[in-house]
Amino acid sequence: MSSSESTSAVFDAFRRLDDDAWLAVLVASVQQREIDGVEMPGFPSVPLQRELHGHDGEVSIHEAHVFYREIKAYCAYAGSPITSATALMDFGCGWGRMARLFMKDIPPSQLFGVETTSRFLMAARRANPCLAFLESELTPPLPMQAEALDTVVSWSVFSHFDEFLAGHWVREFHRLLRPGGMFVFTTQSRRFIAFCAEQRLRRASGMRLEHPWHEACADSFLDEALEFSRYEKGQFLYASSAKPPHPQAHYGEAIIPRNYIIKVWGHLFRLVEYMDNPARLPQVLVVLQKI
């Protein structure tokens, strides 16, 4: 088998599966490296998966699959469906969890992951050498030509970027996407303000918070009334324990209201959907289409 055949084996073997059957294959791959004679991508260590998502294995695959289904549905609705001709980038890909969901829809030569954290990037490359995982600086640009992509997806990255980084990357994606191209991402919802307050109450009562991220949440959005007011005014909400010029000051907890997206990014993208439905996704789903 040639290198190119080996690289595209997952796409060639499973491209005709529907999304539910594909989910079954991905879940089986958590324990079974070879399926139907095809070597599946591996997984990083359980601690690394839990560090990124709070869970691992089958649970992480199911969560990613929910986002994947929403992406495909909304891209089709907007007239830019995911096909074998789509060039797609997963921004802030972590260990490559989301990118592998698209391996049955898109050939590996058109599927990219981008990550800023070196150890996550190395984990992605080790787990899935079939895909191209690119290292990025904290700010743009990426080493890609303008209008090289049809779709950019980003899970739980714009729930952490401050306004400075979010704005720079939105403009970069506008540069990289073809006319009509899709940018689908998640951010925290208005409900997140109350979630942070709940973590503070749990900590004050002496309860041990489950994850270091919950500690960060407990220290975020301390003035609830003020933050709710700012949200209703369409302002970008952001909290971080680090202060400039520390690089970590740009990465904390973020809530991007619908009205902010329309007001600040509306000249670049059409807002297709702003879905705040915890029964479907734990974060707000934002679907933008390049004007």
Side-chain angles (χ1 to χ4, degrees), residues 53 63-82 86 88-93 98 101-102 149-197 217 220-221 224-239 251-291:
H53 315 305
E63 181 183 70
H65 193 265
V66 172
F67 185 44
Y68 161 80
R69 292 286 294 263
E70 297 287 3
I71 292 166
K72 293 184 68 176
Y74 277 107
C75 285
Y77 168 77
S80 185
I82 302 295
T86 297
L88 182 144
M89 181 177 75
D90 176 18
F91 179 74
C93 65
M98 199 62 62
L101 269 291
F102 291 93
L149 299 171
D150 299 290
T151 308
V152 175
V153 304
S154 189
W155 169 265
S156 195
V157 174
F158 286 76
S159 54
H160 295 292
F161 278 172
D162 69 357
E163 187 173 8
F164 171 82
L165 282 184
H168 275 285
W169 282 110
V170 166
R171 290 187 289 273
E172 173 69 352
F173 299 152
H174 184 269
R175 181 184 75 85
L176 293 176
L177 285 166
R178 300 181 179 115
M182 307 298 295
F183 173 34
V184 186
F185 68 97
T186 66
T187 187
Q188 294 292 7
S189 72
R190 185 181 185 276
R191 293 174 285 104
F192 188 67
I193 301 170
F195 175 82
C196 292
C217 293
S220 301
F221 307 119
E224 294 173 70
L226 174 62
E227 300 298 352
F228 281 127
S229 174
R230 295 184 65 236
Y231 183 92
E232 299 305 329
K233 293 176 182 176
Q235 297 177 7
F236 194 109
L237 274 61
Y238 178 75
Y251 194 87
E253 305 302 326
I255 305 171
I256 310 176
R258 181 181 188 274
N259 287 344
Y260 178 91
I261 293 170
I262 294 171
K263 178 174 61 179
V264 179
W265 301 336
H267 65 294
L268 301 173
F269 289 94
R270 175 176 75 95
L271 179 61
V272 176
E273 180 63 281
Y274 187 94
M275 184 188 76
D276 184 5
N277 183 348
R280 287 171 63 175
L281 279 180
Q283 296 186 9
V284 170
L285 176 75
V286 182
V287 183
L288 303 179
Q289 186 169 36
K290 179 176 176 177
I291 294 174

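Only this structure's heavy atoms are used, side chains among them; waters, hydrogens and symmetry mates stay out. No experiment lies behind these values; they were computed from the predicted model shown.
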Query - Any residue meeting side chain to side chain donor-acceptor pair (under 3.5 Å) with Arg230, in chain and number order, not counting sequence neighbours - result: Glu227, Gln235

Requested in this report: Measure from the ring center of Phe173 to the ring center of Phe269 and say whether it is less than 6.0 Å.
Outcome: no

Requested in this report: Please report the closest heavy-atom contact between Val184 and Cys75, naming both atoms and the distance.
Outcome: CG2-SG, 4.3 Å

Requested in this report: Kindly state each residue pair satisfying salt bridge (charged side-chain N to carboxylate O under 4.0 Å, His left out) with at least one member in residues 267-278, sequence neighbours excluded.
Outcome: Arg191-Asp276

Query raised in the report: Taking the inter-plane angle between the rings of Tyr260 and Trp265 on a 0 to 90° scale, is it parallel (under 30°), tilted (30 to 60°) or perpendicular (over 60°)?
Result: perpendicular

Requested in this report: Check the angle between the aromatic planes of Phe161 and Phe158 and answer parallel, tilted or perpendicular using the 30° and 60° thresholds.
Outcome: perpendicular

Query raised in the report: Gln283 and Thr186: which non-hydrogen atoms are nearest, and at how many Å?
Result: OE1-OG1, 2.7 Å

Query raised in the report: How about Phe192 and Phe195: are their ring centres within less than 6.0 Å of each other?
Result: yes

Requested in this report: Would you check, one step at a time, whether the test side chain to side chain donor-acceptor pair (under 3.5 Å) holds for Ser220 with Glu253?
Outcome: CA-CA 7 Å; Ser220 301; Glu253 305 302 326; 5.3 Å; no

**Report entry** Heavy-atom side-chain contact between Leu288 and Phe185 under 4.5 Å
**Finding:** yes

**Report entry** Residues Tyr274, Ile262; criterion side-chain contact (heavy atoms from CB on, under 4.5 Å); working and verdict
**Finding:** CA-CA 10 Å; Tyr274 187 94; Ile262 294 171; over 6 Å; no

Requested in this report: Just jot down the side chain to side chain donor-acceptor pair (under 3.5 Å) partners of Glu224, sequence neighbours excluded, or say none.
Outcome: none

**Report entry** Residues that Gln188 engages under side chain to side chain donor-acceptor pair (under 3.5 Å), provided they are two or more places apart
**Finding:** none

Report task. Grab the two heavy atoms, one from Thr86 and one from Pro81, that are nearest each other, plus how far apart they are. Result -> OG1-O, 3.5 Å

Query raised in the report: Does Leu237 reach the side chain of Ile193, with side-chain heavy atoms less than 4.5 Å apart?
Result: yes

Query raised in the report: How about Phe67 and Leu285: do any of their side-chain heavy atoms sit closer than 4.5 Å?
Result: yes

Requested in this report: Scan residues 158-168 for pairs that pass salt bridge (charged side-chain N to carboxylate O under 4.0 Å, His left out), counting only residues two or more places apart or in two chains.
Outcome: none

Report summary line: Heavy atoms of Asn259 and Glu232 approach each other most closely as ND2-O, 4.4 Å

Query raised in the report: Between CG of Leu177 and CZ of Phe183, what distance do you get to the nearest 0.5 Å?
Result: 8.5 Å

Query raised in the report: Backbone N or O of Tyr251 within a donor-acceptor pair of the Tyr238 side chain at under 3.5 Å?
Result: yes

**Report entry** Euclidean distance, Leu88 CG relative to Met182 CE, rounded to 0.5 Å
**Finding:** 11.5 Å

Query - From OG (Ser189) to CG (Asn277), nearest 0.5 Å - result: 10.5 Å

**Report entry** Reported CZ-to-CZ distance for the pair Arg69 and Arg280, which is rounded to 0.5 angstrom
**Finding:** 11.0 Å

**Report entry** Between CZ on residue Arg171 and CG on residue Leu268, distance to nearest 0.5 Å
**Finding:** 8.0 Å

Requested in this report: Nearest 0.5 Å please: distance from the NE2 atom of His65 over to the CG atom of Leu101.
Outcome: 6.0 Å

Query raised in the report: Does a side-chain heavy-atom distance below 4.5 Å link Ile255 with Phe221?
Result: yes

Query raised in the report: Which residues satisfy the side chain to side chain donor-acceptor pair (under 3.5 Å) test with Asp150, sequence neighbours excluded?
Result: Arg178

Query - Distance-minimising heavy-atom pair for Val286 and Ile261 - result: CG1-CD1, 3.7 Å

**Report entry** Arg175 atom CZ, over 12 foreign heavy atoms within 6.0 Å
**Finding:** yes

Report task. Kindly give the heavy-atom pair with the smallest separation between Ala78 and Gln289, and that separation in Å. Result -> O-NE2, 3.2 Å

